[in-house]
Peer 1: 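This is the structure, below, for whatever I ask next.
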Amino acid sequence: LLQTCFWAADKEAARSQALLWLAFSSAFLMVQQLDSRQIRGLLNGIIATAVFQACYGFWQTGQSPEKVLWQIKTAHAGYLTGTYMNRNHCAGFFELALGVTSGLLFYSFGRRKKKTAVVYGILYLLLAAALIRTGSRFGFFSWGLTLGCAVIWGMVKKPSLRLPLLYLVL
């Protein structure tokens, strides 16, 4: 960290990156202090934000001219972008939310909470449709890779073989 701040070629960029690293590590350490109920609330907040982005994006693509908040969209017209100016950034957020949603969906199935699992299933389909409407090719690839890893994880019954098999596939 000291080398980054004092002996870097671009000291301002190095200090900025060091502060960013400090912010991310602080957020990670704060999340470690949460109990399971609070973590589920945080995950549900991520899903709720993604659902808002998806609904806003679907509404936005039906407008003429398309706008992102109050600005007319000049790039990525016809694609779902939510409140993002770039469709790929929106797809990245949907990819994160789809992973969280699928994790809570499988958790609900494992706990035999069928109503909760149905709700997460509907939200998963909504977010998947939103990801498809972004038209992000890498978003599709990443989503497929996530689904493939989840299928491998679910098919392998021996817990000791799951991680080595995932490492082999990836």
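Quick note: numbers below take in every heavy atom, side chains included, and nothing from hydrogens, waters or symmetry partners. Residues take their numbers from the sequence shown, with the count starting at 1.
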Peer 1: Got Ser136 and Phe140 here, is their nearest side-chain heavy-atom distance under 4.5 Å?
Peer 2: no

Peer 1: Sequence neighbours excluded, which residues qualify as side-chain hydrogen bond (donor to acceptor under 3.5 Å, both in side chains) partners of Thr146?
Peer 2: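 Here the qualifying residues are Glu95.
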
Peer 1: Who clusters with Leu29? Use side-chain heavy atoms, under 4.5 angstrom, across I, L, V, M, F, W and Y, and order the result by chain and number.
Peer 2: Phe28

Peer 1: How long is the gap from CG on Leu43 to CZ on Arg40, to the nearest 0.5 Å?
Peer 2: 9.0 Å

Peer 1: Which donor-acceptor pairs under 3.5 Å do side chains of residues 115-127 form with protein atoms, sequence neighbours excluded?
Peer 2:
{"unit_1": "Tyr120", "atom_1": "OH", "unit_2": "Asn44", "atom_2": "OD1", "d": "2.7"}
{"unit_1": "Tyr124", "atom_1": "OH", "unit_2": "Trp143", "atom_2": "NE1", "d": "2.9"}

Peer 1: Among residues at least two apart in sequence or on other chains, which ones pass side-chain contact (heavy atoms from CB on, under 4.5 Å) with Ser64?
Peer 2: none

Peer 1: Hey, is the main chain of Glu12 close enough, under 3.5 Å, to the side chain of Ser16 for a donor-acceptor pair?
Peer 2: no

Peer 1: Arg87: what forms a side-chain hydrogen bond (donor to acceptor under 3.5 Å, both in side chains) with it, not counting sequence neighbours?
Peer 2: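 If we apply the side-chain hydrogen bond (donor to acceptor under 3.5 Å, both in side chains) test to Arg87, skipping adjacent residues, the hits are His76.
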
Peer 1: Is the shortest side-chain heavy-atom distance between Phe94 and Thr134 below 4.5 Å?
Peer 2: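 Yes, side chains in contact.
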
Peer 1: Check for a donor-acceptor pair, side chain of Gln33 on one end and backbone N or O of Met30 on the other, with a separation under 3.5 Å.
Peer 2: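 The answer is no, because no donor-acceptor pair under 3.5 Å joins these two groups.
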
Peer 1: Linking directly or through intermediates, with side-chain heavy atoms under 4.5 Å: list the remaining ILVMFWY members grouped with Tyr107, chain and number order.
Peer 2: none

Peer 1: What is the ring orientation for His89 with Tyr84, classed by angle as parallel under 30°, tilted 30 to 60°, or perpendicular over 60°?
Peer 2: perpendicular

Peer 1: Anything under 3.5 Å between a donor and an acceptor, one on a side chain of residues 45-60, the other on a protein residue two or more places apart or in another chain? List them.
Peer 2:
{"unit_1": "Thr49", "atom_1": "OG1", "unit_2": "Gly45", "atom_2": "O", "d": "2.8"}
{"unit_1": "Gln53", "atom_1": "OE1", "unit_2": "Thr83", "atom_2": "N", "d": "2.9"}
{"unit_1": "Gln53", "atom_1": "OE1", "unit_2": "Thr83", "atom_2": "OG1", "d": "3.1"}
{"unit_1": "Gln53", "atom_1": "NE2", "unit_2": "Thr83", "atom_2": "OG1", "d": "2.8"}
{"unit_1": "Tyr56", "atom_1": "OH", "unit_2": "Leu69", "atom_2": "N", "d": "2.8"}
{"unit_1": "Gln60", "atom_1": "OE1", "unit_2": "Gly82", "atom_2": "N", "d": "3.2"}
{"unit_1": "Gln60", "atom_1": "NE2", "unit_2": "Lys67", "atom_2": "O", "d": "3.2"}
{"unit_1": "Gln60", "atom_1": "NE2", "unit_2": "Thr81", "atom_2": "OG1", "d": "3.0"}

Peer 1: Under 4.5 Å between side-chain heavy atoms, hopping through other hydrophobics if needed: is there a path connecting Tyr79 to Leu131?
Peer 2: no

Peer 1: So does Leu98 get a backbone contact from the side chain of Ser102, meaning a donor-acceptor N/O pair under 3.5 Å?
Peer 2: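 Checked: pair present.
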
Peer 1: Using every non-hydrogen atom in the two residues, find where Asn86 and Asn88 come nearest and quote the distance to one decimal.
Peer 2: OD1-N, 2.9 Å

Peer 1: Would you kindly confirm whether Leu96 and Leu147 end up in one hydrophobic cluster when ILVMFWY residues are joined by side chain heavy atoms under 4.5 Å apart?
Peer 2: yes

Peer 1: Between Ala130 and Leu80, what is the shortest heavy-atom contact and its length?
Peer 2: O-CD2, 4.1 Å

Peer 1: With hydrophobic residues grouped by side-chain heavy-atom distances under 4.5 Å, do Leu34 and Val100 end up in a single group?
Peer 2: yes

Peer 1: What residues form a ring-ring contact (aromatic ring centres under 6.0 Å, His included) with Phe109, not counting sequence neighbours?
Peer 2: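 Testing Phe109 for ring-ring contact (aromatic ring centres under 6.0 Å, His included), a comparison that skips the adjacent residues, returns none.
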
Peer 1: Go through the structure and list residues passing ring-ring contact (aromatic ring centres under 6.0 Å, His included) with Phe106, not counting sequence neighbours.
Peer 2: none

